[in-house]
Amino acid sequence: MPEDAWAELADAFVDGAYATVKGRVRTHVLHRQLLDHLPPPPAAVLDVGGGAGHQSLPLARLGYEVTIVDSSPEMLARAAARVAAEPAEVRRGVRLVEGPGERADVLTAGRRFAAVLCHGVLMYLDDPRPMVAAVCRCVAPGGVVSIMALNARTLAVRPALEGRWADALAAFDAGSEVGVLGAPTRGDTVDGLTELLRANAVHAEAWYGVWLFSDWSTLPDDTDAAAVAEVELRAAAQDPYRALSRVFHLVGRLGP
Ligand SMILES: C[S@@+](CC[C@H](N)C(=O)[O-])C[C@H]1O[C@@H](n2cnc3c(N)ncnc32)[C@H](O)[C@@H]1O
């Protein structure tokens, strides 16, 4: 692996995935789900593996105090550029820290945050345990842990819809896949991560899907992303739809 593995993926992720209707829907759905659990601003939010800040910058705009920890200098450079385009009051509320999320507590000097996000990161790690433990060490008593992970239970859907039938068949027994950015990704389950959180004294309080309809279809650029997001929000919160999402959003809380 190159030193900054994300240097190669940054363009595809920041300018590609997030620039699409689907990318905007993902941000919006996760944001709305999160707001149901977060205390009001200006609570302190730590975004571990926060990348270019797509999920935490909207929180900074609402007045949250945001710290992004990421191991990729390239992704943090993207975050810095995006933050620089914000008004002064938003810029003042964002801090960028380079380093491994597994050491987020050390990198933030043992500070405890009202919420710790870890979205779209575990899927790139062979073993989720050190990262989940670090995330949980950073949360304040009564605070929120928000994890978005690849759903190991739905790995057959994408190859099947792409007509890759041999891959789809193999995916029923697989725990990983080559992800949409072309990098290997590993799936988790809601039950597995719920257990892992519990082992770190964090109790799951809700889980959601993120996308369903927009993920499995190609949406034209002029699609009304807000209208799609309203549909996805409903689907993401109820069975059986949420269980079919390619990714899931698990929210936990550290006991008081
Ligand atoms: C798919 S991006 C997600 C970015 C952001 N969380 C979001 O939802 O937009 C994955 C990010 O995780 C970061 N990352 C991967 N492994 C990491 C690690 N061990 N420690 C810190 N960051 C990591 C990458 O550099 C990249 O910015």
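Whatever order the structure lists ligands and atoms in, that order sets their numbers, starting from 1. On a predicted model such as this, the values are computed, not experimentally measured, just so you know.
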Participant: Please report the interatomic distance CZ(R112) to CG(L46), rounded to the nearest 0.5 Å.
Facilitator: 12.0 Å
Participant: Can you tell me if R129 has over 12 outside heavy atoms packed within less than 6.0 Å of its CZ?
Facilitator: no
Participant: Using heavy-atom distances, let me know which of G23, G120, G49 sits nearest atom 4 (C) of ligand 1.
Facilitator: G49
Participant: Go through ligand 1 atom by atom and flag the ones less than 4.0 Å from a non-hydrogen atom of P100.
Facilitator: 20 (N)
Participant: Using a strict 4.0 Å threshold on nitrogen-to-oxygen distance, state whether D126 and R186 make a salt bridge.
Facilitator: no
Participant: Within less than 4.0 angstrom of ligand 1, does R26 place any heavy atom?
Facilitator: yes
Participant: Does a sphere of radius 6.0 Å around CG in D221 hold more than 12 heavy atoms from other residues, nucleotides or ligands, not counting ones at 6.0 Å or beyond?
Facilitator: no
Participant: Given side chains that start at C-beta, do those of L62 and L35 come closer than 4.5 Å, heavy atoms only?
Facilitator: yes
Participant: Determine whether the side chain, the backbone, both or neither of M123 has a heavy atom under 4.0 Å from any heavy atom of ligand 1.
Facilitator: neither
Participant: Is there a side chain to side chain contact (heavy atoms under 4.5 Å, CB included) between Q33 and H28 once you walk through the steps?
Facilitator: CA-CA 9 Å; Q33 291 168 344; H28 183 82; over 6 Å; no
Participant: How does H119 reach ligand 1, if at all, at less than 4.0 Å between non-hydrogen atoms: by side chain, backbone, both, or neither?
Facilitator: both
Participant: Considering only heavy atoms of M75, which atoms of ligand 1 have at least one such atom less than 4.0 Å away?
Facilitator: 27 (O)
Participant: Go through the side-chain N and O atoms of E232 and S214 and say whether any donor and acceptor fall under 3.5 Å apart.
Facilitator: yes
Participant: Atom CZ in R242, atom CG in N151: separation rounded to 0.5 Å?
Facilitator: 11.0 Å
Participant: Flag the pair H249 / H119 as yes when their ring centroid distance falls below 6.0 Å, and as no otherwise.
Facilitator: yes
Participant: Using a 4.0 Å cut-off to any heavy atom of Y124, which atoms of ligand 1 qualify?
Facilitator: 1 (C)
Participant: Under 4.0 Å from a heavy atom of S72: which atoms of ligand 1 are those, numbered in the order shown and with their elements?
Facilitator: 25 (O)
Participant: Which atoms of ligand 1 are found less than 4.0 Å from any heavy atom of G101?
Facilitator: 18 (C), 20 (N), 21 (C)
Participant: Atoms of ligand 1 less than 4.0 Å from G51 heavy atoms?
Facilitator: 4 (C), 27 (O)
Participant: In ligand 1, which numbered atoms sit nearer than 4.0 Å to a non-hydrogen atom of M131?
Facilitator: 18 (C), 19 (N), 20 (N)
Participant: Are any of the N/O atoms in H54 less than 3.5 Å from those in ligand 1?
Facilitator: no
Participant: Would you mind checking if R253 and E205 are paired as a salt bridge, meaning a charged N to carboxylate O distance below 4.0 Å?
Facilitator: yes
Participant: Closer than 4.0 Å to some heavy atom of G99 - which atoms of ligand 1 meet that?
Facilitator: 21 (C)
Participant: Using a 3.5 Å cut-off on N or O atoms only, is D70 in polar contact with ligand 1?
Facilitator: yes
Participant: Using a 4.0 Å heavy-atom threshold (strictly under), name the region of E102 that reaches ligand 1: side chain, backbone, both or neither.
Facilitator: side chain
Participant: Between A7, A52, S71, which one has a non-hydrogen atom sitting closest to atom 17 (C) of ligand 1?
Facilitator: S71
